[in-house]
Every structure is written in structure tokens, then in C-alpha cells.
Colleague: 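Can you read through this structure? Questions will come right after.
Just so we're on the same page: letters track the sequence lines, and every chain starts at 1.
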Amino acid sequence: METTVSVEQVSRAFGKKTVLSGVSLHMEKGQIYGLIGPSGAGKTTLVKMMVGMDKPDQGTIEVLRTPMPSLSMLQQIGYMAQSDALYNELTGEENLRFFASMFKMGKTEQKQRIAYAAKLVNLTDELEKKVSAYSGGMKRRLSLAIALLHNPPILILDEPTVGIDPELRQSIWAELIRLKGTEQKTIIITTHVMDEAEKCDVLAMVREGRILASGTPLQLKQQYDAENLEDVFLRAGGKES
Amino acid sequence: MRIRALVLRIFQQLLRDKRTLAMLFLAPLLVLSLMYYLFNHTGNASDAKIGAVNLNPAIVELLKEKGMDITTYDQASKDVVVNDNLDAMMEWRDNTLHLILKNNDPSQSKALQMTVSQAVAGLADTAQKLGNPAAAPQITVKTDYVYGDADTTFFDTLSPILIGFFVFFFVFLISGIGLLRERTTGTLERLMSTPVRRGEVITGYLAGYGIFALLQTVIVVLFATLVLGIHLEGSLWLVLLTNILLAFVALSLGILLSTFAASEFQMVQFIPIVIIPQVFFAGIFPLNHMAEWIQIIARIMPLYYGADALKSVMYKGMGFGDIALDLVVLVCFAALFIGLNILALKKYRKL
Ligand SMILES: Nc1ncnc2c1ncn2[C@@H]1O[C@H](COP(=O)(O)OP(=O)(O)O)[C@@H](O)[C@H]1O
Ligand SMILES: [Mg+2]
């Protein structure tokens, strides 16, 4: 297996507040990694450092064996931020085209990728509308489509399915599973929803800036002798439900 | 081309925002017109610096009583007025009082003229009372102007400053708020998660908003000169050039200050700190009679240089050589702010 993202003993503090301490993670291609933990655990801080938008105070992060931050690696990463950062005055299609222009790709490829990404998130018929007229779920979907535009080998998605209805969530997960399978992408997802965690290949449970436990969902359940992941989380954190 | 995509996006956004467009293009014209009809008043001549040549001591005495600062010269000319920074010169020659007004501030000129004619009339009165009508011939006053003419109003000197100010203010506000919105909605952060370079981002914004600033400048200047008939002594191109540089300073400063604002309201709070003082120091009140430290403060304000260049071209009819220094300073301000902007983007991505 080929390691695509490696996080080595990473710590990060904002002022006096330590947000991450000694986090290490190794991710391989063709797998879905779930970072699961309550809000404020430090998930967003960690994935932002993987993208290179922030720097660790201690430790190193490598993506495709390149130390981050690295400008050229950004072409290899599809990042979906936690907030829907979209241009509301523009239509869905204009948003897609704008972000596509920031990446290296030809005109025809751009057209194809925009059509593909829009279809994937079920927005093909809504592309002409201004984003200000979109619902919360539609914005989330458009945001996901933008992350997929340049066909990156690594996808980093920060709470991608928040506000998306169950049916579409199913289809998005189906596509993510296809992407990791046939296209051998590395997919990193943060979530605080336990039933999504079940679908990940490897899980890391994050709380207060530390990895409490990591492994496949099955391993974790066996290790902590738990019925479900929720119990694993509580037991790993030293608390009983 | 990433920069082209950035520019295109700013165009799409601004063109769909009708209110911002109106603020950018109509508000300056409206305010300029209002000011045009508002400003016509008489100034104060009591602290004027006067050069006197061969002047009747009685008149000198009278003018000194009014508080004026009188210096005696051998010869009167417009050059002396400009070089010695006098407000006016008076010469008694051929039974005529020749008055040379610098007319830097037309309202002061009007007041000066009034004072002089009062003094002359007073002199005639005194002579008559002393029973010496022969010593009181009909004194005629001939007035000459260094800048402008008798029709010059206060607004003619104010308008170059106002034009510069409007360009500065509206460009500052719109680019600042535009960028702030990108910061608060997270689009700027998202943009920085693509392989775009920080320099490209800043160039894109400068070009995108810059084109609107350019259009605004052209409209404001043409409206001021063609519709309101504001005095334009020098070249229109120099006026445009100065305003464009001023717009770039405002643009880069607006983008920079939006880094330090957390909301649109906080952006507006910069106006009394950053914008209003510049108006006062831009020459609406003549600075050369003021304390040294005030003049030093003026020199750190971009609008001071912009207004000086605009006044020189529009009112005094000066050429490129005379305003080159002002323009260089504006370029330096813009370069400084642009550099700081590129650094400030590190907040969103550490390279
Ligand atoms: N730029 C920042 N400055 C100060 N504190 C921050 C900053 N970013 C995140 N934090 C803090 O770090 C902690 C973890 O935040 P975050 O990574 O967003 O958590 P999560 O994504 O798991 O909900 C929170 O307590 C948050 O307040
Ligand atoms: Mg988060």
C-alpha cells in the first residue's frame, strides 16, 4: 500500500490554547479515512494543515511525500471547507467555472469536469440559478462539486454531508466509495455523525486535540468490546455511557 | 489565466449589485453637484501675507491694523508672489494701486480685495477731512491674478480636492467591503486552498476593482469639467492619471484594512479614522499657515499628494514635471500597500 498523507507528531496552539497535541496519522490510497469527534475537537484545524493553509507548531505533514505547505500540492488536493464558501451573486455554473479556472486544466477538460461534478451532486438542472437562491443542502452539494472539479488524487472533506438529505447523502457516499475504489483516491472526511463513521475504512477518534483511538470500525469495536462506535468513542475517552 | 478569471468574477459580482454600482457611479456626481451649489462664500483676509512696493504708509498702517503681515519689496511681480509664498502684492505706480492676488484661495482673495478698497476709501475720507482734497485723487485699483481670474470661486479650488476625495473614498469603501465579504463568507480562504499564488490574487483584485475605479474616475472628471463647468486649466490626461493612482492607493488600502475588520460595520468605522482626516489635510484648509507638526502629519496622507497634484493641474495649469513628485509618492504608497496585502494573505495560507 502506498502512503499518500502522513501526519507526524503534529501540535498546534492558538495563543495559549493547545488545539492539537502530538497527532500522528498515516493514510493510504484507495481508502476513506474518517476523523470523528465532537465539535471543537480540532478536526478542522488538522485538515487545514493537511491542505497547507495552516502550519503545525511542531511536527511535519507530508502529502504525496512532499512536505506541506506546498503550492504545487494544492493541485493534487480537493478541499471542501466546513463553511459553504460560495459567491452568492454568481450562478452555480459561474462558481464552478471560477474555481475550475484556478486549477491547471484545458478548456474541454474544464467543461467535462464541471458537467461531471454537477451531475454527481445532482445540480445539473440548477446550475443557471444564482447561489443566493440555493437551499442550504444545495450549497453544500455545490461546495462538494467544487472540491471534485480538478480530479485530485486526494480529497479532504470537512463535514461534507451536513444539511444534505438522507437520500442524497446515500448517493454521495456511493460515489465516494466508487472514487476510492476504481479511481484509487485517498479520501479524508471529518464528521461528528457516527453512522457515517461506519462507512469509513479507517477511523481516528479525535477529542481535545488528541487521537483517542484509531483503526477500522471493526477493530475498534472489538478492541473496546463495544456494540457500536458511539460506545467505542465514550469508552476510549474514559467515560461510560 | 487565473487573473482573468478573478477579474471576470469581480465584474460579474459588481455588475449584479445595482446598489453598489449606483454608489460607485452616481453618488459622487450627486454630492459633487450639491457641493457646487453650496460653496460660494467670502473668506477671511486678516492673516494674509502681503508684499508692498512704494505704498503709502497710511495704507500700510491701515492694513496692519487689520492684522495683515506686510513686507516691503522693491519690485512687484507674480514670480515674487509665488516664490515668497505671499497671498498678494500691492504696488503704487502711475497713480494706480496695482493689486496682484495669488488667488490660491478665491474666498480669501475676495476678502482681500474688499479690505483694500475699504482702506483706499478710508484714506480718501481722511484726506478730505483734513481739508486737503488735492491729496485725495480718485484712486483706482487694478487687480491681477496669479491663478484663476475674477470669476474664480472657492469651488474652483475645492473641486480638484473633492474629485480626488470622491475617487479615494468610494473606491476605498467598495473594495474594502467587497474583500471583507470574501473574508467573512470564507470564499477568500477557499480561494487560497487552490494553487493560485498570493500575488495573482492581489493582481486580480487590483485589476478587477481597478477597472471600475478607472471608469468612475473618468465619469467624475468628465462630469465635473463638462457638466458643472469646473475650471480645468491643465491637461485632462494628467487629471485622469492622478486620479487613477489615487484610486489604486485607495484600492490597496481598502483591501489591506479589511484584514483588520471583522464586519462591514467595523469597515465603516475606519472612515472617521482613515478617510476624514485626509480630507482636512488635503488642502481644503490651506496648510502653509499652520503649525509645523500639522504640515508633517499631512505628509503621511496619500490624499495630500493627490489633492496637491490635482489642484496644480486643474487650477494652476501646471504640467507633468510639476506634479511628478506627487505622483511618485502615490506610486510608493500603492506599492507599499500592495506589498503588505500580499503578506497579509499569509493569514489564509502559509505560503
Ligand atoms: N484561528 C484560530 N484562532 C484561535 N482559536 C482557534 C482558531 N481556529 C480554531 N480554534 C480553536 O481550536 C479549537 C478546535 O477547532 P476546530 O479545529 O474548528 O474544531 P472542529 O473542527 O473539530 O470542530 C476550537 O476550540 C477553536 O475555538
Ligand atoms: Mg470543524
Colleague: How long is the span from the NZ atom in A:Lys130 to the CZ atom in B:Arg16, to the nearest 0.5 Å?
Modeller: 5.5 Å
Colleague: May I ask you to test the B:Thr194-A:His150 pair for a side-chain heavy-atom distance under 4.5 Å?
Modeller: no
Colleague: Any chance CZ of B:Arg4 has more than 12 other-residue heavy atoms, nucleotides or ligands included, within less than 6.0 Å?
Modeller: no
Colleague: Are more than 12 heavy atoms from other residues, nucleotides or ligands located less than 6.0 Å from atom CZ of B:Arg183?
Modeller: yes
Colleague: Is the number of heavy atoms from other residues, nucleotides or ligands under 6.0 Å of A:Lys199 NZ greater than 12?
Modeller: yes
Colleague: Counting only heavy atoms closer than 4.5 Å, note whether A:Asn95 contacts chain B via side chain, backbone, both or neither.
Modeller: neither
Colleague: Shorter than 4.5 Å, heavy atoms on both sides: which option in A:Asp54, A:Asn88, A:Ile77 has the most such pairs with chain B?
Modeller: A:Asp54
Colleague: So with a 6.0 Å cut-off around CZ of A:Phe14, is the heavy-atom count from everything else above 12?
Modeller: yes
Colleague: Please classify the contact between A:Ser72 and chain B as side chain, backbone, both or neither, with a heavy-atom cut-off of under 4.5 Å.
Modeller: neither
Colleague: Report, as yes or no, whether the 6.0 Å neighbourhood of atom NZ on A:Lys43 holds more than 12 heavy atoms from other residues, nucleotides or ligands.
Modeller: yes
Colleague: Can you tell me if A:Glu175 has over 12 outside heavy atoms packed within less than 6.0 Å of its CD?
Modeller: yes
Colleague: Out of B:Arg2, B:Arg190, B:Gln12, which one racks up the most heavy-atom pairs below 4.5 Å with chain A?
Modeller: B:Arg190
Colleague: What is the distance from atom CD of B:Glu189 to atom CD of A:Gln82, rounded to the nearest 0.5 Å?
Modeller: 10.5 Å
Colleague: Compare all side-chain heavy atoms of B:Arg349 with those of A:Val51 and state whether any distance is below 4.5 angstrom.
Modeller: no
Colleague: Roughly how far, to the nearest 0.5 Å, is the OH atom of A:Tyr87 from the CD atom of B:Glu182?
Modeller: 4.0 Å
Colleague: Of the backbone (N, CA, C, O) and the side chain (C-beta and beyond), which part of A:Gln75 lies under 4.5 Å from a heavy atom of chain B, both, or neither?
Modeller: both
Colleague: Which bit of B:Leu8 is near chain A, if near means a heavy-atom gap under 4.5 Å: side chain, backbone, both or neither?
Modeller: neither
Colleague: Assess the side chains of A:Ser101 and B:Arg9: does a donor N or O sit below 3.5 Å from an acceptor N or O?
Modeller: no
Colleague: To the nearest 0.5 Å, how far apart are CD in A:Glu89 and CG in B:Leu14?
Modeller: 8.5 Å
